[in-house]
There are 2 protein chains.
Amino acid sequence: MNEQPRRRDTRLFPRPLDIANGRVDMTHGGGGRAMAQLVSEIFGQAFDNEFLSQGNDMAVMPPADGRLVMSTDGYVISPLFFPGGDIGSLAVHGTINDVAMSGATPLYLSASFIIEEGLPLADLRRIVLSMADASRAAGVPIVTGDTKVVERGKADGVFISTAGVGVLADGLEIGGDRIQEGDAILVSGSIGDHGIAILSKRENLDFETAIESDSAPLHRMIRAMVEAEPEIHCLRDPTRGGLAATLNELANQSGVGLVLEEEALPIKPAVRGACELLGIDPLGVANEGKLLAFCPKDKAEALLAVMQAAPFGSDAAIIGHVVADPLKLVRLETSFGSERVVEWLNGEQLPRIC
Amino acid sequence: MNEQPRRRDTRLFPRPLDIANGRVDMTHGGGGRAMAQLVSEIFGQAFDNEFLSQGNDMAVMPPADGRLVMSTDGYVISPLFFPGGDIGSLAVHGTINDVAMSGATPLYLSASFIIEEGLPLADLRRIVLSMADASRAAGVPIVTGDTKVVERGKADGVFISTAGVGVLADGLEIGGDRIQEGDAILVSGSIGDHGIAILSKRENLDFETAIESDSAPLHRMIRAMVEAEPEIHCLRDPTRGGLAATLNELANQSGVGLVLEEEALPIKPAVRGACELLGIDPLGVANEGKLLAFCPKDKAEALLAVMQAAPFGSDAAIIGHVVADPLKLVRLETSFGSERVVEWLNGEQLPRIC
């Protein structure tokens, strides 16, 4: 992503982009002047920061103190705009969260845009401004980027891949293979909001209570958590595949069994109702602003209090515990004393939402 | 990209993937067991390294000494396989090069895959193995990744976005805004090879001499260059839009004029012939394994010798010089004493090749 003149260079770009009526065309990906103008007038002006404005194909930042952490995610969500967010804010929050789940402080993001010919420039700008807002609110700048344009019918509006870099302080060892028998399982808030918000918008379902995506940056909550309790064993965001997939993955990774208490799961009534209507298990629905935490049982209440006091954590809850289990099953205990096995979502999400 | 069991876990994955006959389907992006198997049996086995095998959504690496450098690029090339490379090797080389053009040492890559439903698993594995080979040969591991699958007709086989992180030693200040009047302009080898290789394959053109993409990692050449001559002002790879777009961009960024000597430009006879046949200016054709360097004139011969002795630099040449020019033009001087202005490729590349 190249130099961002603060004022339009009228020799290079005699006319401003027609953002109200224009559409992305193949010239915007061609490496020439049209691309330079798109990059300058849409991306450069929105993301503006000292690193991006170096104007090279890479950004140079100061040395960073601590272990390096890196993550990436591709965002292919449809529709591009949904209640509670859009593909742009999601692409910022999701990658910040993936970096932070190590306990690290996210520092920088990169963004690769693959745009379908014909995308309205107004939509692109709306997405980019939303990314810029999300990035500023989180304090994690987008320092470098790339734009490609593919022919109509060869993408789905726009795909965004973000990568994130962070630094991890000494003493923190948080990972999916570190969960121990006896750990408590905590979740930072209500589950299923994101997936149900997307499905409702896609299927034009009208629920009495509006359901919004929970897309949010969790790095500040995580910082408060690791400062209060460095002995956290694992943090993970239950995104694609929901709690069901994430917990099965973790049970396998750590070689343990997980027991959830159905009554303890925070699920909003509107989400529960929508799941019943759609015939979907809320445990299989994607979240974008929630995390699961595993810590020694005797630290759980204190950690819960920290989460509940942090941004996006007010509905945090202790939802289960870790047991020895050679079969590495995830089980749900109901209030009636029965239990069922929570299966790893085997096939596809129907319909795909990410 | 999650845990990579070295042996297939027969409880989780009773049958191996049918790589010879299978195709990517929507379940491979669903977050469930099918995705875990794809990630394990295709990505995990090919990329295997100590960071990726941590098995979390992010990778934790040791502290890095020096300024941080970050870059990203999206790869949307069609066809996926071409003479001299494929989308996988290109996605490794391109991002390594973008990081290295700052003078930095590339350390780590991330990879985000957006796969079209129906892609043969054999093609995916071929691409992934090629990435793994390119990454190992360059000594820059792919430490984290992500896989999404979109419906048939919503992508073009596969798109790959890689991001790269590197470290930059003190004393190096290399950038597009640092070119000075009097600098010499060097190129590391013949131009136009990549674009013509792609076009030939796409249009089924048969030339007498096979033309191969020049896709290559340039970080070792750059390291030799900055060690020999830390006063290099600018390095840039003339990819999309070729020398014409890149030189115009740099002339604008540094506020200078650039003068090329036509006779000095290294162009292979087969590429020159193909360009004439196709009616294309070789200066506008993309390169993937070449760099432009700008340094004080009195250092140019020494730098040229270093480049010619380095990997992928044997055909390096001094091709021009930098002048004061308020119009910031790029001019080409012919052997007959005439000159023409090299225009910034205004519109699209026809057809799109990246």
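Here is the naming used below: chain letters follow the sequence lines, and residue numbers restart at 1 for every chain.
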Which of the residues [options] is involved in the greatest number of heavy-atom pairs with chain B at under 4.5 angstrom?
options	value
A/Val150, A/Leu250, A/Asp237	A/Val150
A/Ala245, A/Gly66, A/Gly176	A/Gly66
A/Ala59, A/Pro62, A/Gly153	A/Ala59

Proximal component of A/Leu235, with respect to chain B [non-hydrogen, under 4.5 Å]:
neither

Donor on one side chain, acceptor on other, A/Ser112 and A/Ser161, under 3.5 Å
no

Can a donor-acceptor pair be found between the side chains of A/Thr27 and A/Asp25 at a distance below 3.5 Å?
yes

Do A/Leu90 and A/Ile77 come within less than 4.5 Å of each other through their side chains, counting heavy atoms only?
yes

Does any non-hydrogen side-chain atom of A/Val165 lie less than 4.5 Å from one of A/Val143?
no

Per-residue tally against chain A (heavy atom, under 4.5 Å) across B/Glu116, B/Lys154, B/Met101 peaks at B/Lys154

What pairs of donor and acceptor atoms, side-chain ones from residues 69-76 of chain A against any protein atom, are under 3.5 angstrom apart with sequence neighbours left out?
| from | atom 1 | to | atom 2 | distance (Å) |
| --- | --- | --- | --- | --- |
| A/Ser71 | OG | B/Asp57 | O | 2.6 |
| A/Thr72 | OG1 | A/Thr162 | O | 2.9 |
| A/Asp73 | OD1 | B/Lys148 | NZ | 3.1 |
| A/Tyr75 | OH | A/Thr95 | N | 3.1 |
| A/Tyr75 | OH | A/Thr95 | OG1 | 3.1 |

With a 4.5 angstrom heavy-atom cut-off, could you sort out which part of [X] is near chain A: side chain, backbone, both or neither?
X	value
B/Val167	neither
B/Ile114	side chain
B/Ile160	neither

Please assess B/Phe159 against B/Phe113 for the test ring-ring contact (aromatic ring centres under 6.0 Å, His included), listing each intermediate value before the final yes or no.
CA-CA 6 Å; B/Phe159 298 142; B/Phe113 295 84; over 10 Å; no

